[in-house]
Asks: 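Have a look at this one before I ask anything.
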2 protein chains.
Amino acid sequence: MQDSRATEITQRTIEETIVSGILSARIRPGTRLSENQLATLFGVSRTRVREAMMRLETRGIVHVSPRRGWFVVEPSAEDAMAVYEARRIIEAGLLRSMRSLTDAGRKALEAHLHEEKHALASGDRQRLTYLMGDFHIRIAELSGNGILVDILRDLTARTILISMLYQSDFHAAQSHDGHCRIFEAMQSGDFTRAAELSVEHLDEVEMGLDLTTRPDPLSELRNSLSLPPKTASSVSPQPDPKKRNFKGAINTC
Amino acid sequence: MQDSRATEITQRTIEETIVSGILSARIRPGTRLSENQLATLFGVSRTRVREAMMRLETRGIVHVSPRRGWFVVEPSAEDAMAVYEARRIIEAGLLRSMRSLTDAGRKALEAHLHEEKHALASGDRQRLTYLMGDFHIRIAELSGNGILVDILRDLTARTILISMLYQSDFHAAQSHDGHCRIFEAMQSGDFTRAAELSVEHLDEVEMGLDLTTRPDPLSELRNSLSLPPKTASSVSPQPDPKKRNFKGAINTC
DNA sequence: CGCGGCTATCTTGCATACAAGATAGAAAAG
DNA sequence: CTTTTCTATCTTGTATGCAAGATAGCCGCG
């Protein structure tokens, strides 16, 4: 972060840092985000941190418990279903409205799927999680509609939080296959089929969740434990085995 | 909302006041929103106003020009097309995913359409504008998906801003008919047809816009005129004839 | 040993002070 | 009369200070 003209870097850096931390599953649901810690971490005052938190709150990424603190959201089972339903509606509608796949688009998706394959083979879990979610954002980008891209990015972030809470086991390979099938349908120009496959894919992933088990009955208590005062970084994951009642860390989106 | 303990009222009141002002077309695109004026208007400090502005900015409702001020967004023609495209995708997808219309839902829509008809007959333009947009939010509410409701509410707000900039003439009756047709298809259980009608309806409204004419080439200049220092309220409309290069004030959504 | 209450210390909520950029209007020069 | 320049004033950007609620740990009491 050391720059000659230091400012300008942290205009919306805080916001994006947290979101990208979630998109790559480095930040868990329920993580405490202390204004003070983030402020010292970014070398700014609490004011800017608060503004970033406000923005993230409207995006459904964090929430505030009055006078207690900011936390990364822990979507309930109902929230989870709503997120997947919203994604099915938007992503299927998006694919259904497509008329053609540009050459640049085809190449972008091919490159992406290649990356997925590579991450799958090399076992790079964090990168795989990121890529699995990013696929859907890439598709939104093909539409050229920035509004939908923003919406789907935030929904993807929430999806990843959901899978960290509820995903009992991950079928990354199966999910990758789903992505490939969607791409093939798109390539053949059958966007109706691509939309159907997209819905099936999301259904599949949602079915892989265990939405019956309450994710973390001691959530409130864990919140107060999740950031021991001596820990400096509130953004990095804590590999404390006591908190390992979290489910798998790989998201199949 | 009237509470004996006066506070608590202004937690997110500022945000909602501005949004509802837009939804009923009382606030024009490009309106300056001075932090100081809003602060004194609501009897709070600038801090809270700023937080509300930050939230509204992420919702795509206002934007800030550095060191110059906050303004209600003036969507460009490209923005306008993106908004309508997003709405087509989401609303059609939403209808297509519906399986049944509950009795409560049917009654709610019937009541709404009755209100539209009444406002149309009585010539209550402001109320009509509000209702025309609210119809689509009501449909989203039927899905029970709060995420989609929030998204569509913000898109509707932007739609109303767009129509204030680009709508050359309004066909409120035609638009009301479109709503009725969508409702009829829903009532008959043909949600695929309802989705198609929804797309047609949005196309129709978009076609009614004049997206070729630059909405307001003197936008920057007008911004500086839009709030003469002597005017106390920055939220109420200014019926200054000089700024009447705005198009029609009724939105057909 | 168990339990209740107190206090020290954390957290956010909110207002305020000051800095810096942008603007408009007056004043001055052509 | 026009143009330019300067200054007074307005705007947001940011940090800081203080208040109030929530929490945890200690201490004392039963």
Side-chain angles (χ1 to χ4, degrees), chain A residues 1 5-15 18 30-58 62-73 218-232 234, chain B residues 5-15 18 30-58 62-73 218-232 234-235:
Chain A
M1 294 295 174
R5 18 196 304 270
T7 51
E8 174 77 10
I9 304 181
T10 46
Q11 190 60 36
R12 282 174 198 177
T13 311
I14 303 170
E15 209 179 340
I18 290 172
T31 303
R32 181 187 213 112
L33 297 173
S34 156
E35 291 182 5
N36 266 323
Q37 293 189 14
L38 288 173
T40 60
L41 206 59
F42 285 93
V44 297
S45 84
R46 277 178 52 218
T47 307
R48 281 205 249 180
V49 174
R50 271 196 126 236
E51 288 176 356
M53 290 297 137
M54 296 287 164
R55 298 228 260 279
L56 287 174
E57 193 179 32
T58 74
V62 307
H63 80 109
V64 62
S65 178
R67 308 256 179 207
R68 291 206 34 231
W70 293 91
F71 302 92
V72 176
V73 295
L218 305 175
S219 155
E220 282 300 306
L221 184 126
R222 190 181 43 73
N223 278 341
S224 50
L225 295 174
S226 67
L227 246 193
K230 44 208 242 172
T231 311
S234 64
Chain B
R5 4 191 317 260
T7 50
E8 173 79 11
I9 303 182
T10 47
Q11 190 61 35
R12 283 174 197 177
T13 311
I14 303 170
E15 209 178 340
I18 290 171
T31 303
R32 181 186 213 113
L33 297 172
S34 157
E35 290 183 4
N36 267 322
Q37 292 190 14
L38 288 173
T40 60
L41 207 58
F42 284 94
V44 298
S45 86
R46 276 178 53 217
T47 307
R48 279 206 250 181
V49 173
R50 262 191 135 243
E51 289 175 356
M53 290 296 136
M54 295 288 164
R55 299 232 256 287
L56 287 174
E57 192 179 33
T58 74
V62 307
H63 80 111
V64 63
S65 179
R67 307 260 180 205
R68 292 206 33 232
W70 293 91
F71 301 92
V72 176
V73 295
L218 305 176
S219 155
E220 281 300 305
L221 185 126
R222 191 179 44 72
N223 278 342
S224 50
L225 296 174
S226 67
L227 245 194
K230 42 207 238 172
T231 310
S234 65
V235 174

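Everything numeric here is computed off the predicted structure, so don't read it as measured data.
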Asks: Nearest 0.5 Å, what's the CD1-CD distance between B:I14 and B:E35?
Replies: 10.5 Å
Asks: Measure from CZ on B:R32 to C1' on D:dT12 and round the result to the nearest Å.
Replies: 10 Å
Asks: Between C1' on C:dC10 and CZ on A:F71, what's the gap in Å once rounded to a whole number?
Replies: 12 Å
Asks: Do the non-hydrogen side-chain atoms of A:M53 and A:I18 ever get within less than 4.5 Å of each other?
Replies: yes
Asks: Which listed nucleotide (D:dT12, C:dT12, D:dT14) is nearest to the side chain of A:S34?
Replies: C:dT12
Asks: Please identify each residue that fulfils salt bridge (charged side-chain N to carboxylate O under 4.0 Å, His left out) with A:E57, with sequence neighbours left out.
Replies: B:R12
Asks: In this structure, how many angstroms lie between the P atom of C:dC14 and the CD atom of B:E35, rounded?
Replies: 16 Å
Asks: Is B:R68 near enough to D:dT11 that one of its side-chain N or O atoms lies under 4.0 angstrom from OP1 or OP2?
Replies: no
Asks: Under 3.5 Å between N/O atoms: give me all the protein pairs with nucleotides 17-19 of chain C, atom names plus distance.
Replies:
none

Asks: Can you find a side chain N or O atom of A:T47 that sits less than 4.0 Å from OP1 or OP2 on D:dT14?
Replies: no
Asks: Backbone N or O of B:R68 within a donor-acceptor pair of the B:S65 side chain at under 3.5 Å?
Replies: no
Asks: Using whole Å, what does the distance between atom C1' of nucleotide D:dA22 and atom CH2 of A:W70 come to?
Replies: 17 Å
Asks: About how many Å separate CG of A:L38 and CH2 of A:W70, when rounded to the nearest 0.5 Å?
Replies: 11.0 Å
Asks: Judged by each residue's nearest nucleotide on DNA chain C, which is more toward the 5′ side, B:E51 or B:P66?
Replies: B:E51
Asks: Grab the CD1-C1' distance between B:I14 and C:dA15 for me, whole Å please.
Replies: 13 Å
Asks: The criterion is side chain to side chain contact (heavy atoms under 4.5 Å, CB included); which residues satisfy it with A:V72, sequence neighbours excluded?
Replies: A:I22, A:I27, A:T31, A:L33, A:L161
Asks: Taking only side-chain N and O atoms of A:N36, does any of them lie within less than 4.0 angstrom of OP1 or OP2 on C:dC10?
Replies: no
Asks: Who passes side chain to side chain donor-acceptor pair (under 3.5 Å) against A:T40, sequence neighbours left out?
Replies: none
Asks: Using 0.5 Å steps for rounding, measure from the CE atom of A:M54 to the CE atom of B:M54.
Replies: 10.0 Å
Asks: Could you list the protein-to-nucleotides 5-8 of chain D atom pairs, N/O on both sides, closer than 3.5 Å?
Replies:
none

Asks: Report the distance from atom CZ of A:F42 to atom P of D:dT14, rounded to the nearest whole Å.
Replies: 15 Å
Asks: Holding to side chain to side chain donor-acceptor pair (under 3.5 Å), I want the full list of residues that pass it with B:E51, two or more places apart in sequence or in another chain.
Replies: A:R50
Asks: Which nucleotide, D:dA15, C:dC14, D:dT12, lies nearest any side-chain atom of B:S45?
Replies: C:dC14
